[in-house]
Structures are given as C-alpha cells and as structure tokens.
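Okay, structure first, notes after.
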2 protein chains.
Amino acid sequence: MAQLDDQFQDDPVQVEDTVLGTLIGYRLKRAYMQIQPQAQRVLAGENLRVVSFSCLSIIADNPGIVQSELAAVLQMERSNLVVIIDELEQRGLIGRERVPTDRRRYALTATLRGRRLRDSVAEKVRQAEDAVIGRLNPQDRAHLLAVLERLDAGAPQTTT
Amino acid sequence: MAQLDDQFQDDPVQVEDTVLGTLIGYRLKRAYMQIQPQAQRVLAGENLRVVSFSCLSIIADNPGIVQSELAAVLQMERSNLVVIIDELEQRGLIGRERVPTDRRRYALTATLRGRRLRDSVAEKVRQAEDAVIGRLNPQDRAHLLAVLERLDAGAPQTTT
DNA sequence: GATAATAGTTATGCTCAATAACTATTATCT
DNA sequence: AGATAATAGTTATTGAGCATAACTATTATC
C-alpha cells in the first residue's frame with residue numbers, strides 16, 4: 001500500500017517484455033493488482049474484507065443458502081468460512097438458523113441492515129473501480145465483463 | 001488444488017448474483033483463480049514458482065537490469081526478491097555481477113540455460129492457459145489482452 | 001441397525017507479502 | 001572536502017490467507 005503510493009511518483013522504469021506480458025494469467029494478475037487495493041480500501045472503511053463482502057453479497061442474493069453451498073460458490077474452504085460467518089452474524093448483518101429438515105445445516109439470510117450495507121458498499125466499490133477502469137469505454141467494459149465471465153464458466157457458476 | 005478437482009464433479013450449485021458478478025475486481029479474481037493453478041502446475045514441474053518465472057523472464061528480456069528495477073517492474077518488495085534471485089543464480093539460470101560504476105548494484109543477466117528454460121516453459125504455460133481460455137476466439141483473446149494491459153497502464157509499465 | 005457420508009467446527013501448518021532495521025556505497029549540501 | 005542524506009541489497013520477523021486433518025452431530029445408505 002505504501003509501496004504503491006511511493007511508486008506512483010517513481011520513475012516508470014521502462015523495460016522490455018517479450019513473453020510475460022503476452023500471458024493471460026500474468027495480465028489478469030496485474031489488472032487485479034491495480035484494482036484490488038481500491039476495493040480493499042473502500043471495504044476496510046466499513047470494517048469488511050473482500051471475502052466478507054463477497055459472502056454478504058451472495059447471502060443477500062440467496063436467502064437460505066447454507067455454508068457449504070456458499071463455500072462452493074466462492075470456491076473457498078468451508079473451514080475458513082466459519083469465522084467470517086460468525087463475524088457477519090455478530091454484527092447483525094446476517095442471521096442463521098438450523099434447517100428443520102436437516103439439522104446439520106444452517107440457513108443463512110441477510111438482515112435488512114445487511115442488505116442495505118451490501119447495496120451501499122457495492123456502489124462505493126463500483127465507484128472506486130471506476131477510478132481505475134475509467135479509461136475504458138462502456139463497450140470495452142461490458143466486453144471485458146462478458147469475457148471474464150466466460151473464463152470462469154468451468155467452475156460452479158452464478159447466474160446473471 | 002484437491003478442492004478444485006473435487007468441485008468439478010460437484011453439483012454446480014446455482015445461485016443468484018445481482019451484485020458481485022458485476023464488479024470487475026471480482027471477475028478478474030475469478031478468472032485468475034481458474035487460470036493460475038494451470039500455470040502453477042506447469043511451473044512446479046520445472047521447480048519454478050510463478051514469481052520466479054516472472055523474474056527470469058524479465059531478466060532474460062533486460063540484460064543488466066538490477067534488483068531494484070526488477071522489483072519495481074514486478075511491483076514487489078526488494079526484500080522478497082533476494083531469495084528468488086539467490087535461487088535462480090544457484091541454479092545457473094542467471095548471473096549477477098557488481099556494476100563497476102555503482103558498486104551498490106548487481107547487474108542481472110540470464111544465462112543461455114536460463115533463456116532456453118524461459119522460452120520452453122513459456123510455451124508450456126501458454127498451452128496450459130489455452131486449456132482454460134480455449135473457449136475464447138482469437139479476437140476475444142487479443143481484445144482481452146489489450147484491455148487488461150490498459151487497466152495496468154497506471155503502474156510502472158513494460159513495453160511490448 | 002450398522003456403516004458411510006455430510007455439515008459445521010476447531011486447530012494447525014505453510015506460503016506470501018509487508019515492514020523494519022542493518023551494512024555498504026554513492027549522491028548531495030554547505 | 002567533510003558531513004549528511006539517499007540508495008541498493010540484505011536479513012529477520014510479522015501477519016494474513018489458504019489448505020489440511022481431525023473432531024462432533026446429524027442424516028443417508030446398505
């Protein structure tokens with residue numbers, strides 16, 4: 001973070017790159033490195049991590065989803081979800097109650113506060129992203145989203 | 001890794017997503033999550049990490065680059081470079097010698113072995129990536145690279 | 001009814017990225 | 001020129017994130 005701030009006023013070291021920059025994986029990582037700190041900064045202002053916001057957002061869109069499903073959707077480990085869900089619940093952003101038909105599972109639902117926070121934070125994140133992708137015209141932006149979505153199509157997928 | 005293998009045969013949990021999937025940052029991360037393990041697997045076969053390969057590749061393209069410049073280009077900390085450079089040198093993939101005019105700096109150059117390894121590994125990585133992005137036609141692929149490059153334009157940039 | 005599978009949880013270890021502090025060398029300032 | 005500051009590389013250390021294994025409670029399967 002301090003590193004980035006410093007480097008913005010550094011000499012932009014010009015180097016050759018005949019290989020690395022032609023690899024999609026590297027380009028994806030680089031683009032993500034530029035945009036992620038922006039989102040993280042906004043979310044930190046609301047005491048949220050990226051992953052917490054992701055959970056809250058999916059729960060808000062899918063009332064009754066259980067932790068295993070959430071973990072599968074976000075491609076993360078169930079075990080690492082526990083503390084995140086705990087905190088979201090303690091902050092009153094989500095509720096969880098046992099599913100009567102299967103008492104192993106907890107149905108997760110976003111509270112009104114949770115849904116409102118999700119919506120307002122999402123808007124702030126969107127604006128923060130725009131600061132980075134501002135140089136993209138609407139067509140390129142839409143095209144980018146569509147192509148990235150297709151790259152993600154092999155995995156457990158969300159519907160739009 | 002085992003997680004991903006498992007989930008490919010899992011029920012593809014269908015969920016709503018009205019917000020998260022419309023954020024560029026999330027889409028970038030997801031796309032990267034699909035492609036990165038492929039690259040990592042290929043590189044691991046050559047006892048390389050992603051970051052080691054990145055260093056080797058930039059050094060191969062920029063003989064005489066010094067560690068600070070390399071760190072700036074790859075947007076990483078100088079301190080974290082040290083062990084990577086150490087290992088690349090010990091494996092005979094790069095050489096480093098003091099710059100006569102500034103004895104603080106080490107000029108890095110790829111050896112013939114290093115350049116050959118860089119080239120052959122790059123080709124394997126490219127093929128591994130194709131397994132994921134195969135569903136993209138050449139136009140979409142080129143367009144994606146161009147757009148991602150523009151997102152990265154604010155940072156110390158490589159020339160193509 | 002016995003055995004296996006699943007959901008959630010806890011504890012733990014590993015890999016990275018970030019920070020601070022240090023040495024050697026060079027640049028800057030008066 | 002000499003004092004002071006800045007830079008390059010290094011070392012040690014920390015904390016976050018991710019993965020794995022092992023456990024309990026509950027449900028599914030044979």
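Per chain, numbering begins at 1; letters A, B, ... match sequence-line order.
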Rounded off to whole Å, could you give me the CE-to-P distance for the B:Met76 and D:dT10 pair?
13 Å

Would you check if A:Arg41 and A:Lys124 make a side-chain contact, meaning some heavy-atom pair closer than 4.5 Å?
no

Among D:dT10, D:dG17, C:dT9, the one nearest B:Arg78 by side-chain distance
D:dT10

Whether the side chain of B:Asp140 engages the backbone of B:Leu136 through a donor-acceptor N/O pair (distance < 3.5 Å, no angle test) should be reported.
no

On DNA chain D, does the nearest nucleotide to A:Val51 precede the nearest nucleotide to A:Thr101 from the 5' side, or the other way round? Give the residue.
A:Val51

To the nearest angstrom, how far is B:Met33 atom CE from D:dC18 atom C1'?
10 Å

Among D:dA8, C:dT19, C:dT10, find the nucleotide with the atom closest to the side chain of B:Ser68.
D:dA8

Round to the nearest Å and state the distance from A:Leu70 atom CG to C:dA7 atom P.
13 Å

Please report the distance, rounded to the nearest Å, between CG in A:Asp86 and P in C:dG8.
12 Å

Identified pairing partner of D:dT13, criterion: Watson-Crick or G-U wobble below 3.5 Å:
C:dA18

Rounded to the nearest 0.5 Å, what separates atom CZ in B:Arg30 from atom CG in A:Asp152?
4.0 Å

Of the listed nucleotides (C:dC16, D:dT10, D:dT20), which one gets closest to any side-chain atom of B:Val82?
D:dT10

Hey, is CZ on B:Arg116 packed in by over 12 heavy atoms from elsewhere, all under 6.0 Å?
no

Looking only at C:dT25, D:dT10, C:dT9, the nucleotide nearest the B:Gln67 side chain is D:dT10

Can you work out whether B:Val66 or B:Asn80 has the more 5'-proximal nearest nucleotide on DNA chain D?
B:Val66

Short side-chain N/O contact to D:dT10 OP1/OP2 from B:Arg96, under 4.0 Å
yes

Polar pair under 3.5 Å, donor/acceptor by atom type, side chain A:Arg104, base C:dT6:
yes

